[in-house]
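The structure appears below as structure tokens.
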Amino acid sequence: MPYTHDRLLADTSIEEADRRVREALTAEGFGVLTEIDVKATMKKKIDADMDGYLILGACNPKMAWETIGLEPRIGAMLPCNVILRSVDGGTEVSAIDPVASMSAVKNPDLHAVAGQVRDMLVRAVDAA
């Protein structure tokens, strides 16, 4: 089972991809709660060089509220991560598939919500 929805933004810098992804996430009701600059962190912590790599922790408050109501410990799996990474030819954007990530939780109601969130993330990635 694939665990991400991916799209290549051809000839697009990671900075431009970041702007576009944030706009698309906002249009789907998500905000970015966290941002991890993996490239900068690896350089600082272990003096390793790597291509651009950002992790955006996206959250749709309405959907998070609903999932926490269904499974109080589900916060261990939130927020929904979206990565942007520099690749040959542009920037690849990958969003987690909440259905795949929450498949270990045996709650059909949660799976229905995860399917809705997946659809929202797919639309955001495709619109970026």
Side-chain angles (χ1 to χ4, degrees):
M1 168 184 284
Y3 60 93
T4 59
H5 175 69
D6 311 304
R7 177 172 179 225
L8 174 65
L9 302 181
D11 301 319
T12 303
S13 70
I14 199 164
E15 294 81 13
E16 174 63 13
D18 184 27
R19 184 192 65 74
R20 289 170 50 180
V21 167
R22 287 174 191 260
E23 284 180 5
L25 287 168
T26 298
E28 288 293 332
F30 290 88
V32 175
L33 298 177
T34 61
E35 176 183 330
I36 302 168
D37 184 337
V38 178
K39 177 182 177 177
T41 300
M42 293 301 170
K43 185 64 176 175
K44 179 180 177 182
K45 297 292 185 179
I46 61 172
D47 196 29
D49 293 315
M50 65 182 293
D51 291 334
Y53 197 111
L54 295 175
I55 302 172
L56 304 178
C59 179
N60 179 300
K62 177 183 175 294
M63 303 310 279
W65 175 258
E66 191 170 346
T67 60
I68 291 169
L70 294 169
E71 286 287 335
R73 292 184 305 262
I74 207 65
M77 297 179 161
L78 301 177
C80 297
N81 285 332
V82 179
I83 65 169
L84 295 85
R85 64 186 190 100
S86 298
V87 296
D88 288 339
T91 300
E92 182 182 66
V93 179
S94 299
I96 188 66
D97 179 347
V99 173
S101 68
M102 296 184 182
S103 64
V105 180
K106 304 301 180 213
N107 183 329
D109 294 331
L110 178 69
H111 296 177
V113 175
Q116 293 173 27
V117 175
R118 176 185 54 202
D119 294 345
M120 296 162 77
L121 288 169
V122 166
R123 284 193 302 267
V125 168
D126 289 349

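Everything quoted here is computed from the prediction, not taken from an experiment.
- Arg19 and Glu15 are not joined by a salt bridge, as no carboxylate oxygen comes within less than 4.0 angstrom of a charged side-chain nitrogen.
- Here Lys43 pairs with Asp49 in a salt bridge; the nearest charged N to carboxylate O distance falls below 4.0 Å.
- With salt bridges taken as basic N to acidic carboxylate O contacts below 4.0 Å, none links Asp119 and Arg123.
- Taking the side chain as every heavy atom from C-beta outward, Arg85 and Val38 never approach each other to under 4.5 Å.
- A pairwise comparison of heavy atoms in Ala17 and Thr12 identifies N-CG2, 3.6 Å as the closest pair.
- Judged by distance alone, with hydrogens and angles left aside, the side-chain atoms of Arg20 form no donor-acceptor pair with the main-chain N or O of Leu9 at under 3.5 Å.
- Residues Val99 and Val125 do not share a hydrophobic cluster, clusters being chains of Ile/Leu/Val/Met/Phe/Trp/Tyr side chains in contact below 4.5 Å.
- Met102 and Tyr3 fall into different hydrophobic clusters, where Ile, Leu, Val, Met, Phe, Trp and Tyr are joined by side-chain heavy atoms under 4.5 Å apart, directly or via other members.
- Both Ile46 and Met50 are part of a single hydrophobic cluster, where members link through side-chain heavy atoms under 4.5 Å apart.
- Counting all heavy atoms, side chain and backbone alike, Pro79 lies closest to Ala58 at CB-O, 3.1 Å.
- Closest of all the heavy-atom pairs between Ser101 and Met77 is O-CE, 3.4 Å.
- Across all their heavy atoms, Ala100 and Pro2 have their closest contact at CB-O, 3.7 Å.
- Contact record, Thr91 with Ser13: OG1-C, 3.3 Å, taken as the closest heavy-atom pair.
- One finds the CG atom of Leu33 at 10.5 Å from the CG atom of Asn81 (value rounded to the nearest 0.5 Å).
- Atoms OG1 and CG, from Thr41 and Leu54 in turn, are 10.0 Å apart once rounded to the nearest 0.5 Å.
- For the pair Asp51 and Val87, the minimum side-chain heavy-atom distance is 4.5 Å or more.
- Residues in residues 66-76 take part in these side chain to side chain donor-acceptor pair (under 3.5 Å) pairs, two or more places apart or across chains: Glu71-Asn107.
- Rounding to the nearest 0.5 angstrom, the gap separating the CG atom in Asp37 from the CD1 atom in Ile14 is 7.5 Å.
- The side-chain contact (heavy atoms from CB on, under 4.5 Å) test with Cys80 is passed by exactly one of Ile96, Leu25, Asn60, Leu56: Ile96.
- Under the 4.5 Å side-chain contact rule for hydrophobic residues, Ile68 and Val105 share a cluster.
- Hydrophobic clustering (ILVMFWY, side-chain heavy atoms < 4.5 Å, transitive): Val93 and Val122 are in distinct clusters.
- Considering CE of Met63 and CG of Leu78, their distance stands at 11.5 Å, rounded to 0.5 Å.
- Note: Arg118 CZ to Leu121 CG = 10.0 Å, rounded to the nearest 0.5 Å.
- Separating the OG atom in Ser86 from the OH atom in Tyr53 is a distance of 11.5 Å, to the nearest 0.5 Å.
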